[in-house]
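Okay, structure first, notes after.
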Amino acid sequence: MSIENVYNDVISCSKCGFCQPTCPTFVVSGKEHQVARGRHQLVRGIIENKIELTRDTKEMIFECLMCNACYSNCFPSVKTDHVIAHARHEYIKKYGQPALQKYIFKHLLRHPKELANLLKLVSVGKNSGLSRIVQVFRVLGWFGRNLANAEQLLEKIPFKNLRERMGEKNITVPNAKGKIAYFSGCGINYAQPDIGEASIKVMQNFGYDVEILDNVCCGLPAYAYGDLDSVQWFAEKNIEILEKTDADVIISDCGSCSSFIKSYAEITENSDLKKRAEIVAAKFKDMTNWINENINDVEFPTNGRMTKMTYHDPCHLAHHLKERKAPRDILQNLSHVDYVEMDKADMCCGGAGSYNIAHPEMSFEILDIKMDNVKTTEADVLVTACPACVMQLAFGTRKNKMPVQVKHISQVVAEKFK
Amino acid sequence: MRDDTRALIENFQHKHIYLDQETCNKFSVKNKSPFAVIEPENVDQIAELLAECRNSGSTVNIWGNGQHQILGNPLDRYDITLSTRLLNSVTEFEPDNLTISVGSGMTYNELQRIVGEKGLFLPINPDAGDATLGGLVSANHYSSWIEGYGTFRDLVLGGRAVLADGSKIRFGGKTVKNVAGYDMAKLFIGAMGTLGVVTELTLKLSPIPEIVLVVEMDINSPKDLLPVQKLVNTSALPLLAFNCVEKEGKASIVIECGCISDEKAFYQKKLEAMFSTEKLKVLSWDEYLQSIQPTKLDIEKEALLKSIVPVSKVADVLEQLHNDAGFSAQQIESYPGKGIVLARIDKNSFTLETLQELRNHAHNLEGKFLCFNGPDFAEKPCDAWDVKPDQTIWHRKLKQEFDPQGVFVGGRFIDGI
Amino acid sequence: MLEKSVLKRLKSICGKENVLYKDLDLFLYGFDASIELGKPDVVVFPLKAEHIKQIVQLAVSEKIPYIARGSATNLCGGSIAEKGGIVIECSKLNKILEIDIENRVAVVEPGVFNLELQNALSKHGFFFAPDPASQKVSTLAGNVAMNAGGPHCLKYGVTVNHVMGLEMVLPNGETVQFGGKTFESQGYDLVGIMNGSEGTLGIVTKLFLHIQPKPESLETLLVSFNDIEHAAQAVSDIIARGIIPATLEYMDNLCIRTVVKSLNVDYPVDAAAILIIEVDGFAQNLAKQVDVITQICRDNHAGEIRLAGNDEERNALWAGRRGALGAMTRLNPSLVVFDGTVPRNQLPTALIEIDKICKEYDLQYGTLLHAGDGNIHPIIVYDERDEQETARVMQGCEKIMQLCVDLGGTITGEHGVGMEKRKAMQYLFNDQDLNAMKQVKQVFDPSELCNPGKIFVQG
């Protein structure tokens, strides 16, 4: 793994600048080093030895949200997240990986049981090493931004994670139409099991058996911090697990997990693994996509109250997977939903995994733009399709004292079966 | 005759030179006559003439057909008339490309005849008549078709000129899209011949509309204009012209649209519905041209007042013109789509105070008020132009750079340039 | 290198956080969308017009070059600090000050994106006609500086035709407003001369733009031809009939094949050329125009004629054209788009000759045209890491510009001269012509500090 790997990508950047209005960090700062074009030229400068990879470059390399909004507007289709991940990799190769990140990516996330137990200790407040765990979550960024307050954090870590709540690994329904393998992302499993429950409920009500997979982290957090070696481990491990299921389709209700798993083939260098990754990717679907494909086969109860809803595009769905249509189709077709489109719906909310923790000021400003756009719609419910967005947006509504509920699209659909 | 001028004439051996009083008087401007009238055949002769003028310190007034000579302030010293009459050939006509390049001395009517044969026209109104294209461009002439086609600013693609220092330059090109260097054409349009002698022009032509639809509505007061103006200004009609004409105490709004024959029925219905009228004329191009009766300014009697304001203020200007005591307009024509009001006024019917009042009123509306061919106010002459001092500096600097010796006759233009 | 005192003054004018001067920051302000490079000494972000005035006054008194910059999307090196100096980045002056529907004027700050204004106007049923391909990101002052074109030029004209007034800081350090909310019609057309002056005569601080009502509806056709002559003739015939399409885009066979392959669009791969014709106007009237256009195309031996029935089909017709540049870059990472323009009737000759030139220099290319304006975009793809290939590309481009001039056209129709085409200016203009332009520069910027070195070859 070397930064040279992305030389072709950055050469392709024609410096047209079309990324500027789409890049949230540029919209906030207006500066060339906070937009894809500048970042590409920086990386190119480093590769061509015109610029030294000094500690001064750290901010430029690490301030990218990796939302890939630029990619959606890039005619040579330069994948900025790919470029940035390699730049970060090069940076930690040179300056070393922080011990905490090493612990998380090389140990904790590779041992889900240990992670689960640790969280349980935090949850019941018996843990002497609390501060360390808080830091873990800072890095993983599952809990919004009020982290300075450990009390608040404690309230929010559910004692039982999703797998424990469900108990059974295999959930069956009578006369099942088929079987779904459910990939439970960390954000869902440990922090937002409610969403996972809703997704499983939707699958059941749609008439499918569900197998909850024993997957590990998808690897995206490691990718985002430039730990590309760990990414290989997560990819290989998950491919192994996903290959084993006999389900017809594998689904995640986390847009980030879905898109990252579908991109394993691009990330891995091993040609055998690449092939296996492609087979897995073909079976893998994001929840929004699956719901939309199957929603017409299901009868919904027709009662309900009219609710005004708007939709925020998670970056990984909109910009990486190019899935904008499915969630809108779902909301527009559900009864008693008055769907209203918000301005700049596909602009990042500033959550971006743990970005909000690492760069709170920038994240705040980006969130404010999002909240202003939500306000203008006068929607009662803000719908999205990624647990990290749910947390960031919920934080935004609390902070701005907005009477808006934030929901995952699975929750919106599941509620129809109440 | 001044000695230096005499010397110049002796040095300038040109066959088209006229020194007789009778000819010279034909080229007088506000009672000032030249000593000589010269009709160069080509740019080399022009450059030669200008060199002689520089040497002798004589001044040159460029003359097409004289229509626009009354515009602006009185001339300073006026020695020689440079007539562009002989620069009247077609250099290149490319109907497929909708462009024509012609000598600046070609008359408007002649140009329209040539391009008309190919179903094209230069969209500058027919009241231009015998005026030369050089004159029209130098005076930035426009009238009601401004609504549909703009002004020479939008129609001159390029050309050639001879500058005061004798350099023969080419500017612009033959294509609408052209961003190679500064757009020098913009300097010559409306420059009143103060920067150089325009010798050739490349113009953008338009296909002649197959059908013209004309709606005419009488109005009782300028206020009646407002609702129509709002309707027209927010519709995407294929307008040729949108004007409001007051003549002999009667005022009417005229809306003219051009289209191809296939569209006739549609626009007929559309216009009838928009203006709830059935008084709609459907004309062929020739019929339409015949229906336009150009009236020329009576130089002896009339002054031309020109007010340019934000478009929504046209009615205000019209009211102000009416309210001003002692004011009798022969004709007021306005283009509400562009914020322009042109009034022909009896020269002797207004005072400097009236004019100052109108000018102040226009300024309050963020507009301008110009007065051409006005009466001579003895004690304090009135400036024909209406340009703010911070802009006149730049006019003067440009003039100084391009014509430091003042070869082209001064006095007439902004700030006495 | 700048003196510390200058840096201090700049910080006191715009605030510390709005001045960039570290090497690393400056490196990232050393480019625009062309292949030219040049590093400034400092980048400042003025927050109001008054700041620009103070910066210019400082620059002039210290004899430091200064360059206004918007989104730096220009394709000719127009906003590169070739001689160092102060880059005045206007992106924070990005407010729409007024939309005055009654007077059909929009008043904006220089850093407003073109599309942002369009979106704001759209709510009132109005639009600003110039729509360069970069409209999403290019600033309106940038559009004025380059006198930007765009696909809608044929019907609506270029930027200069829609600019009513400009407030500027001139190189003498004074602020002056040329034109305004009224139609300007006296004196030298100073607003006109500023358009397309590439920021070499002063810095725009406020714009008064003419806006107009949006057409009610549009229709889009895709027409294929088996030879370029007939395609070109069809274009001329449509215009001659008196129908001015809103857009008239041409794509050659190489481009067609490339987009079909990489974008999976449904274009006729065997056609020598396709035209995408869009007409706008009143919905009920457009069918008539479509009939006339269809007939003209048939008369010119058109192959397939497709009419989009709805927005989805319209997008499908446009997909290949919109994605063409991207598709081309998949063949080779670097790309250069030239914008020579020829009289419309010279298009077939130009295309044949361009093909010869590209073969001679072994260049991989495809051609797009704004056919109505004779504006040719040969898109040449190469790898800029290959010095020999890059040199061949540059030579080929010079030849193409020369060709356009020989055919009675111009070296640049909409991208500008900047650094990239200043040598080629000599193909088009002789010394006397160029001197006259330099005299204009002399009038406004006698000390030659305002975006120095652009448009003209120095010395």
Side-chain angles (χ1 to χ4, degrees), chain A residues 4 6-23 26-61 69-78 325 343-344 361 376, chain C residues 17-18 20 22-37 43 45 69-75 79 87 89-94 111 113-116 119 133-139 142 262 322-330 332-337 381 383-385:
Chain A
E4 307 271 339
V6 293
Y7 196 19
N8 274 336
D9 300 70
V10 292
I11 285 284
S12 301
C13 169
S14 60
K15 299 175 287 184
C16 68
F18 277 40
C19 39
Q20 294 179 50
T22 66
C23 174
F26 184 81
V27 168
V28 168
S29 82
K31 291 186 177 145
E32 196 72 49
H33 55 267
Q34 275 153 331
V35 68
R37 169 168 79 169
R39 291 176 177 127
H40 296 157
Q41 296 317 306
L42 177 77
V43 171
R44 182 173 168 179
I46 292 166
I47 295 171
E48 292 177 345
N49 289 320
K50 286 182 183 155
I51 283 185
E52 210 188 322
L53 184 70
T54 60
R55 288 190 189 271
D56 280 348
T57 59
K58 184 178 177 185
E59 187 191 306
M60 301 184 186
I61 294 171
C70 46
Y71 173 67
S72 290
N73 281 279
C74 178
F75 65 76
S77 304
V78 181
K325 197 168 171 290
D343 199 23
K344 296 189 176 142
E361 274 176 32
T376 319
Chain C
E17 68 283 9
N18 292 313
L20 302 177
K22 286 187 187 157
D23 237 27
L24 190 58
D25 288 323
L26 299 176
F27 177 82
L28 297 179
Y29 280 83
F31 55 80
D32 58 17
S34 71
I35 58 169
E36 308 290 342
L37 296 171
V43 179
F45 293 77
R69 182 184 190 270
S71 297
T73 57
N74 78 84
L75 293 156
S79 53
V87 162
E89 167 61 60
C90 299
S91 61
K92 300 207 174 197
L93 291 160
N94 60 357
F113 294 144
N114 179 302
L115 188 65
E116 226 173 291
N119 290 340
S134 60
Q135 67 169 183
K136 246 184 199 170
V137 55
S138 59
T139 63
S262 82
R322 292 199 179 119
L325 284 182
M328 293 294 292
T329 59
R330 271 164 229 181
N332 229 331
S334 314
L335 115 172
V336 55
V337 185
V381 289
D383 190 330
E384 60 181 283
R385 289 167 293 191

Nearest atoms (heavy-atom pairs only) where C/Ser71 meets A/Gln20: O-NE2, 2.8 Å

Where does A/Thr22 contact chain C at under 4.5 Å (heavy atoms): side chain, backbone, both or neither? neither

Got a second to check how far A/Glu32's CD is from C/Leu20's CG, nearest 0.5 Å? 10.5 Å

Output the distance between atom CG (C/Asn18) and atom NZ (A/Lys31), rounded to the nearest 0.5 Å. 5.5 Å

Which atom pair, heavy atoms only, marks the closest approach of C/Ile35 to A/Lys15? CA-NZ, 4.1 Å

Could you tell me which of C/Asn119, C/Asn332, C/Thr329, C/Leu335 has the largest number of non-hydrogen atom pairs under 4.5 Å with chain A? C/Thr329

Salt bridge (charged side-chain N to carboxylate O under 4.0 Å, His left out) evaluation trace for C/Lys22 with A/Glu59: CA-CA 14 Å; C/Lys22 286 187 187 157; A/Glu59 187 191 306; over 6 Å; no

Chain C contact via A/Ser77 - side chain, backbone, both or neither, heavy atoms under 4.5 Å: side chain

Rounded distance [0.5 Å steps], OG in A/Ser12 versus CG in C/Asp383: 8.5 Å

Name the member of C/Leu325, C/Leu115, C/Leu75 that forms the most heavy-atom pairs with chain A at distances under 4.5 Å. C/Leu325

Please round to the nearest 0.5 Å and tell me the distance separating atom CG of A/Asp56 and atom CG of C/Asp23. 10.0 Å

When A/Glu48, A/Arg44, A/Glu52, A/Arg39 are compared by non-hydrogen pairs under 4.5 Å with chain C, the top option: A/Arg44

Counting only heavy atoms closer than 4.5 Å, note whether A/Asp9 contacts chain C via side chain, backbone, both or neither. neither

Can you tell me how far the CG atom of C/Leu28 sits from the CD atom of A/Gln34, to the nearest 0.5 Å? 10.5 Å

For the residue pair A/Gly30 and C/Tyr29, what are the closest heavy atoms and their distance? O-OH, 3.9 Å

Evaluation steps, side chain to side chain contact (heavy atoms under 4.5 Å, CB included), between A/His33 and C/Leu24: CA-CA 9 Å; A/His33 55 267; C/Leu24 190 58; over 6 Å; no

Residue C/Thr73 versus chain A: region with a heavy atom under 4.5 Å: both

What's the shortest heavy-atom distance between A/Ile11 and C/Pro333, and which atoms? CG2-CB, 3.6 Å

Which atoms of A/Leu42 are under 4.5 Å from chain C, going by heavy atoms: the side chain, the backbone, both sets, or neither? both

Measure across C/Phe113 and A/Pro21 and return the closest heavy-atom pair with its distance rounded to 0.1 Å. CE1-CB, 3.6 Å

Distance, nearest 0.5 Å, that separates NZ of A/Lys50 from CZ of C/Phe27: 6.0 Å

Side chain from CB out, backbone as N, CA, C, O: work out which of these in C/Arg385 comes under 4.5 Å of a heavy atom of chain A, or both, or neither. side chain

Examine whether an atom of C/Lys92 lies under 4.5 Å from a heavy atom of chain A, and if so say whether it belongs to the side chain, the backbone or both; otherwise answer neither. side chain

Please look at C/Ser138 and chain A and tell me whether the side chain, the backbone, both or neither of the residue comes under 4.5 angstrom of a heavy atom of that chain. neither

